[in-house]
Protein chains: 2
Amino acid sequence: MVAKDSSTEEKIKNAARHVFHIKGYAGTRTRDIAEEAGINLALLNYYFRSKEKLFEIVMMETLRDFLQSLTSVFNDMESSFETKLEMVVNNYITLLVKEPEIPLFILSELRRNPTHLLQKMNVKEIIMQSYFVKQLLEVMEQNKMAQKDLLHLIINIIGMTIFPFVAKPIFQSIGEISNEQFSAMMEERKTLIPKWIKAILTSK
Amino acid sequence: MVAKDSSTEEKIKNAARHVFHIKGYAGTRTRDIAEEAGINLALLNYYFRSKEKLFEIVMMETLRDFLQSLTSVFNDMESSFETKLEMVVNNYITLLVKEPEIPLFILSELRRNPTHLLQKMNVKEIIMQSYFVKQLLEVMEQNKMAQKDLLHLIINIIGMTIFPFVAKPIFQSIGEISNEQFSAMMEERKTLIPKWIKAILTSK
DNA sequence: GTCTATATACGGATAGAC
DNA sequence: GTCTATCCGTATATAGAC
């Protein structure tokens with residue numbers, strides 16, 4: 001049996017994932033993908049019919065992988081809110097240090113296909129009907145925080161975690177830091193973000 | 001004398017700004033711009049030589065407008081740190097409620113031209129050598145916060161302000177809110193963000 | 001399955017009339 | 001300055017040999 005990522009189909013898909021993530025759909029030429037995969041251009045169409053179809057597969061798998069970091073911890077009934085928060089932040093930063101282009105890829109490609117994909121992936125349900133959000137609402141209540149600010153908090157948690165990767169070149173430029181130093185900073189945020197969120201939750 | 005935005009040149013530039021902001025450089029066809037401007041395709045090249053040149057002008061002006069919200073308050077010697085923070089957040093949210101596509105446009109187009117443009121616009125100096133950052137460092141010191149966490153705080157301030165606009169479709173989807181409700185939430189953040197930053201600064 | 005060669009379409013840019 | 005018509009490079013996709 002052939003290893004999954006050494007089959008031609010997988011080689012093309014991996015190359016496509018890489019190039020699409022960096023250049024986006026419109027900025028990618030199928031020739032770039034073929035070259036990166038080390039195969040002939042015609043093979044791409046042989047396996048995937050068209051650039052569009054290949055892109056859809058890459059987008060779906062990217063979204064699936066990305067949401068995995070949520071679903072894998074969000075509905076654990078044993079762990080506390082604090083523990084879940086730490087785990088989610090941890091999962092995402094670990095993933096994004098490895099593949100920092102993912103968030104900007106998803107966000108910029110979502111401009112074209114509004115909401116449609118989000119609904120297909122059940123993003124709303126995954127987040128809003130999770131045990132994590134239930135626990136967050138409880139903590140908010142304990143701290144006399146208005147329920148209607150739930151979305152603000154979700155924005156802050158996601159933003160603090162993901163935004164540095166979206167704006168990576170800007171922060172590297174103003175901080176004059178290397179890729180390694182940037183990654184080290186993101187590691188720091190694994191413990192800092194939960195602390196900050198706690199500060200926000202307990203502030204008057 | 002002809003009003004500035006009704007001259008043909010301005011009509012094209014405004015149309016270009018709009019289309020580029022939404023579709024990005026690679027996703028935009030010069031034909032789209034011509035149509036939106038209500039002029040013929042040939043005129044675009046007559047006034048701006050090429051798509052690339054037109055894009056550079058739009059990018060420069062967009063960055064200039066965007067940085068304006070910083071420079072206009074960052075070096076005021078009279079106002080306190082708190083006041084500056086409120087003003088900056090205010091300026092940006094007011095701007096982005098009107099033109100929510102700007103941040104994602106800048107961030108995704110920066111992928112192509114790394115750092116080059118940032119240097120040209122002096123982004124690092126505008127931020128790091130500002131009176132605002134000097135004052136922020138003082139507040140950090142008063143609160144026994146390590147100087148090396150400066151960049152973390154800058155990321156948080158910018159992220160809390162800008163990220164909701166970058167991920168607007170996602171948050172509208174999970175919150176099930178209209179454009180108007182989204183804008184209303186962003187208005188709330190004008191006062192919430194400074195409060196949250198203060199909570200982070202004074203947290204142990 | 002994989003290649004070379006080619007058809008076809010599209011998008012940026014220009015020539016030239018008005 | 002503004003238009004119509006057109007050129008030409010480039011990118012996707014397919015035909016057909018191996």
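Keep in mind it's a predicted model, so treat the numbers as computed, not measured. Chain letters run A, B, ... following the sequence lines, proteins first, then strands; residues in each count from 1.
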Pairs satisfying side-chain hydrogen bond (donor to acceptor under 3.5 Å, both in side chains), at least one member in residues 37-59 of chain A, at least two apart: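 Every pair satisfying side-chain hydrogen bond (donor to acceptor under 3.5 Å, both in side chains) with a residue in residues 37-59 of chain A: A:Y25-A:E52.
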Contact list for residues 152-165 of chain A, test side-chain hydrogen bond (donor to acceptor under 3.5 Å, both in side chains), sequence neighbours left out: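 Qualifying pairs, neighbours excluded: A:H152-B:E188, A:H152-B:R189, A:N156-B:R189.
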B:Y47, nearest nucleotide to its side chain (from C:dG1, D:dG1, C:dG12):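 Nucleotide nearest to B:Y47's side chain: D:dG1.
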Candidate nucleotides C:dA13, D:dA13, D:dT2, ranked by approach to the side chain of B:S50 - the nearest: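 Out of C:dA13, D:dA13, D:dT2, the nucleotide with an atom closest to B:S50's side chain is C:dA13.
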For [X] and [N], what is the distance between atoms [atom1] and [atom2] respectively, to the nearest whole Å?
| X | N | atom1 | atom2 | result |
| --- | --- | --- | --- | --- |
| B:K11 | D:dT2 | NZ | C1' | 11 Å |
| B:K53 | C:dT14 | NZ | P | 11 Å |
| B:I12 | D:dC3 | CD1 | P | 9 Å |
| A:E10 | C:dG1 | CD | C1' | 16 Å |
| A:E9 | C:dG1 | CD | P | 8 Å |
| B:E35 | D:dT4 | CD | C1' | 17 Å |
| B:E52 | D:dT10 | CD | P | 15 Å |
| A:F48 | D:dA13 | CZ | C1' | 16 Å |

B:R31 (side chain) and C:dG12 (base): donor-acceptor pair under 3.5 Å: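 For B:R31, whose side chain was compared with the base of C:dG12, there is a donor-acceptor pair (under 3.5 Å).
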Geometric cation-pi criterion A:R111 and A:F105, 6.0 Å radius, 45° cone: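 Output no; distance or angle outside limits.
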CA sep, side-chain torsions, deciding dist, call: B:K198, A:S203, side-chain hydrogen bond (donor to acceptor under 3.5 Å, both in side chains): CA-CA 9 Å; B:K198 199 174 158 192; A:S203 74; over 6 Å; no
Side-chain heavy atoms of A:I170 within contact of B:L107, under 4.5 Å: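 Yes. Closest side-chain heavy atoms under 4.5 Å.
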Stretch residues 39-46 of chain B: residues that reach within less than 4.0 Å of DNA chain C through a heavy atom: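 Under 4.0 Å from DNA chain C: B:L41, B:A42, B:N45.
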Phosphate-side-chain proximity, A:T30 and D:dA13, N/O vs OP1/OP2 below 4.0 Å: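 No, outside the criterion.
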Donor-acceptor under 3.5 Å (A:S72 side chain, A:Q68 main chain):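 At least one qualifying donor-acceptor pair exists.
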Parallel, tilted or perpendicular: rings of B:F163 and A:F163 (30°, 60°):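 Answer is perpendicular, since the angle exceeds 60°.
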